[in-house]
Number of protein chains: 2
Amino acid sequence: LVLQWPVTLILSCQRPSLISSRYVSKTATKSVSEFEYDAPSMKTAVPGPNDIQLCLSPGPQNVGAVHFFCNYEESRGNYLVDVDGNRMLDVYTQISSIPIGYNHPALMKVMTNPNNVSTFVNRPALGILPPENFPDKLIESLLSIAPSGMRRVQTMACGSCSNENAFKTMFIWYRNKERGYANPSEHEVDTCMINQSPGCPDLSILSFMGAFHGRTLGCLATTHSKAIHKLDIPSFDWPIAPFPKLQYPLEEFVRENAQEEARCLEEVEDLIVKWRQKGKPVAGIVIEPIQAEGGDNHASPDFFSKLRNIARKHGCAFHVDEVQTGGGTTGKFWGHEHWGLDDPADVVSFSKKLLTGGYYHRDELKPDKPYRIFNTWMGDPSKNLFLSEVLNVIRRENLLEVVTRSGKALLQGLYTLQTQYPHILSRARGQGTFCAIDACNDATRDSIMIKARNKGLFMGSCGEKTIRFRPALVFKEYHVHQLLNILNDVLAEHK
Amino acid sequence: LVLQWPVTLILSCQRPSLISSRYVSKTATKSVSEFEYDAPSMKTAVPGPNDIQLCLSPGPQNVGAVHFFCNYEESRGNYLVDVDGNRMLDVYTQISSIPIGYNHPALMKVMTNPNNVSTFVNRPALGILPPENFPDKLIESLLSIAPSGMRRVQTMACGSCSNENAFKTMFIWYRNKERGYANPSEHEVDTCMINQSPGCPDLSILSFMGAFHGRTLGCLATTHSKAIHKLDIPSFDWPIAPFPKLQYPLEEFVRENAQEEARCLEEVEDLIVKWRQKGKPVAGIVIEPIQAEGGDNHASPDFFSKLRNIARKHGCAFHVDEVQTGGGTTGKFWGHEHWGLDDPADVVSFSKKLLTGGYYHRDELKPDKPYRIFNTWMGDPSKNLFLSEVLNVIRRENLLEVVTRSGKALLQGLYTLQTQYPHILSRARGQGTFCAIDACNDATRDSIMIKARNKGLFMGSCGEKTIRFRPALVFKEYHVHQLLNILNDVLAEHK
């Protein structure tokens, strides 16, 4: 093992002997705000000396994307601690996947409950040999938050697997409709074994420019946010519609935005017709409630409602990908709840903050035979244990209200900053704490992010020049003020 | 929630009040043989009354494939307990994914060690913010068992994600070679965003008829074991070579088998040339050391060695899928070790018994840029904790020797049974305890399996009429005798 880590992306193999413990909690209390730290605390620039002195350490994993190495034991609530003892206010939360902050006491308890040990130690093949309590656990966790009109859920290990299997569910549903629910022909059975039509039909999924639905080959054919995701990977000839490019704040550009949305919807219908004529009918449409990786692009409830109707009209399934928007971060549990529809979708996929991947679907999309949607693990019951507890905390601590309140303060603060620094910032936008703001260019955006990090604020980026805010649901108004103060300091110093 | 479960596939929502505890261990000792039960114990047929009386219970998950519901708390070592208190000798082990038996004391300890709690509670985005000890943990776990010639490993959440990303790694490597390691052209960058060539090139992966490499869309294009996996799902036009159909026992048909293997290898070369001419060059060849789902099809070390050379000669990457064969079950840690090659592959993927998914690759296949192989979680460090402990147990208890010894006894026993019941059984074969035997047809196979289950032996099937044996690594010779006794009883009663 003689591989080297890139100098800027450093590995510390040392134990955290240099890190003084700043753990301020007395005992494991129920509220994160009492449990967590009170503010960021920076000892060094990031990456710090613990990282840098070890920059030539060997490592077996490819680490080109590593920002810094973390001390998760010392991280608490909204604060992430690195290997140099730097404690940052974390509004990126592991790419938006930490629901209620680090080391939440409620989750620690899941680990120390002896009744749970077996669930962690014996991972079952859920599709054939589920634990006796698995349906109950699903009902108390995932089914308690099921989207309107959906009573079925299929767990999966991650977001990509969830979308891949959601696509398969739509293809199976579509072909069953086409053949009038008859058994497949012998020719179909034979040809599918060698990847040929009609057994493997030329069906397509319609996606949107700027979308991100994952990186496995099926998902990747519907992902169009960055070239680095897609370059050199074979793909499918599937239709790609424009996603509305709206002007913000939305309420100030209602007419212009409605026109732009109408243009995109028209294009969607044209593509559906065109691909049907091409012999590659659209079995499903997949869309995010807010395009996340693609730059935090919003659209109106009216747009989604009309798109859902277009899907229905053309016999396509409608798949809402809530991998990043789901879990409460928009102020409602699901992003699509903001549309106010009783029948918002045929399929809703999730992962990240839900801790387990999976997807809900309407009864009609239930596969006609067993083993059509299947793999060895089909999820992980130990993740459902954590999810149940997360949902308890969300209810007990009214976290959706917290998100709504903090989101308003955050967005208001971003409006103020962009008014103050109009040459640097623009297009502040958001729903709940799922907020974003654009810098004037990518270099400025990256520079702001690094300076903020060195002052104890860790943010994420998306799109070409966007800063995205993805705090945990326990992000309170005083955290918003910490964030805005640091950001203001950085902008004030910005040349 | 008013959905119903199929009557034959039943859900019990009751707590295990009917189940008498038969836990025979005194305390948590180090050896599973002292810890586990001493024999199967059947109270009812399977599914039993606890299942049947609740057959109309509601359930949110599609359960068409469910065999029975399990009581994992009461399961121990090689014995799986169902919700009716039936205790079966389990030689299927959750589709070959339980390495050292149920509730192994060493794994229970991982859960109760307070140093590990944070790893379970705070799942990181490994690609950007790894825990400080992650490289160390990789070195002591996955790197300690790295295949010959490989010093790099990428963890993933499951087998399908592992293979999808392994394919991507081969595509990236292949295109980088083709463009002479220059930067991609603007045209490539632009076209990849809309799924078009040259950015998304027409590259292919060569696979084998009978193969199973997963069910996501990329993997599925290389899977050719059963139509139910593939029907109605769009696929890629990739080449499919015949896998040798050998005669067993291998040592009695050396000449015939060598001829069959030569035929298949010739076809592989023809396909590589043909697909290159078609404009869809083969970037990689993927193969299992033993085709598992496809019916436990073996090939000789000579076949694999020649195939590896063909890949090298034609500039294709060579990917060995060890998802089912890896982890010690063949008597060596990796199935490919039986080939005796110093440079067995460019990529080796794994999952199941390794508890985490992932793949090793040669240095040469390292992606040239960060974020080309990436997703939110990129594995799960809590699974590596369990894997480290599994590897300790394998070493401490010499489990590879145990597997070799038990495997010999099992295969010998299967030879005896097929001699005794030649009208029912044939083609016994195996490596380590990774054994199989064919029934005369699928109905007989299924009937034998159900009868054996009712006598306390739970087996799996594969291919068209094959019984496959996939016991845990702690499957001792006395377990082999229990298995053979039950199987003999079933066959003796068979009409």
Side-chain angles (χ1 to χ4, degrees), chain A residues 1 11-12 59-60 64-65 67 69-70 72-73 83 94-95 97 102 107 111 117-118 120-122 124-125 127-132 135 138 143 151-153 157-158 164 168 171-172 175 184 189 192-193 195 200 203 215-218 221 224 227-228 230-235 370-371 375-376, chain B residues 1 11-12 59-60 64-65 67 69-70 72-73 83 94-95 97 102 107 111 117-118 120-122 124-125 127-132 135 138 143 151-153 157-158 164 168 171-172 175 184 189 192-193 195 200 203 215-218 221 224 227-228 230-235 370-371 375-376:
Chain A
L1 290 176
L11 153 68
S12 163
H67 294 1
F69 283 77
C70 300
Y72 288 104
E73 286 76 12
V83 290
Q94 312 296 320
I95 320 182
S97 69
Y102 297 102
L107 301 185
M111 286 299 297
V117 172
S118 162
F120 286 89
V121 167
N122 306 297
I128 57 169
L129 298 163
E132 57 183 335
L138 277 185
L143 266 285
R151 305 182 296 177
R152 291 190 166 271
V153 67
C158 73
E164 291 273 340
K168 288 174 62 172
F171 289 132
I172 291 169
R175 281 294 294 148
V189 171
C192 83
M193 292 296 281
N195 297 13
C200 294
L203 296 177
R215 294 159 165 268
T216 47
L217 268 63
H224 318 280
I228 193 90
K230 292 177 68 76
L231 185 71
D232 297 341
I233 314 299
S235 195
Y371 290 109
N375 62 46
T376 299
Chain B
L1 292 174
L11 152 68
S12 165
H67 293 0
F69 283 77
C70 300
Y72 288 104
E73 286 77 10
V83 289
Q94 312 297 320
I95 321 182
S97 68
Y102 296 103
L107 301 186
M111 287 298 297
V117 172
S118 162
F120 286 89
V121 167
N122 306 298
I128 57 169
L129 297 163
E132 57 184 335
L138 276 185
L143 267 285
R151 306 183 295 179
R152 291 191 166 270
V153 68
C158 73
E164 290 274 341
K168 287 173 64 173
F171 288 132
I172 291 168
R175 282 293 296 150
V189 171
C192 82
M193 292 297 280
N195 298 10
C200 294
L203 296 177
R215 292 158 166 270
T216 47
L217 267 65
H224 317 281
I228 193 87
K230 291 177 67 78
L231 185 72
D232 298 342
I233 314 299
S235 195
Y371 291 109
N375 61 47
T376 299

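Chain identifiers are assigned alphabetically (A, B, ...) following the order of the sequence lines, protein sequences preceding nucleic acid strands; residue numbering begins at 1 within each chain.
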Option that, when pairs with chain B are counted at under 4.5 Å, heavy atom only, ranks first among A/V189, A/V153, A/L203: A/V153
Side chain / backbone / both / neither for A/T216 at chain B, heavy atoms under 4.5 Å: both
Nearest-0.5 Å distance that lies between atom OG in A/S235 and atom CE in B/M193: 11.5 Å
Max heavy-atom pair count under 4.5 Å with chain B, selected residue of A/L107, A/V117, A/I233, A/N195: A/N195
Using a 4.5 angstrom heavy-atom cutoff, name the option from A/L231, A/I228, A/L138 with the most pairs to chain B. A/L231
Identify which of A/S97, A/A157, A/P124 forms the greatest number of heavy-atom pairs closer than 4.5 Å to chain B. A/P124
Heavy atoms only: give me the nearest B/E73-A/S118 pair and the separation to one decimal. N-OG, 3.5 Å
Can you name the nearest heavy-atom pair linking B/Y371 to A/H67, along with the distance? OH-CE1, 3.4 Å
Of the backbone (N, CA, C, O) and the side chain (C-beta and beyond), which part of A/P184 lies under 4.5 Å from a heavy atom of chain B, both, or neither? side chain
Pick whichever of B/N375, B/I172, B/I95, B/L129 has the most heavy-atom pairs under 4.5 Å with chain A. B/L129
When you look at A/L217 and B/K168, which way does the side chain to side chain contact (heavy atoms under 4.5 Å, CB included) test go after all the steps? CA-CA 8 Å; A/L217 268 63; B/K168 287 173 64 173; 3.8 Å; yes
Interface check, chain A: of B/A221, B/G218, B/P131, B/P234, most non-hydrogen pairs under 4.5 Å belong to B/P234
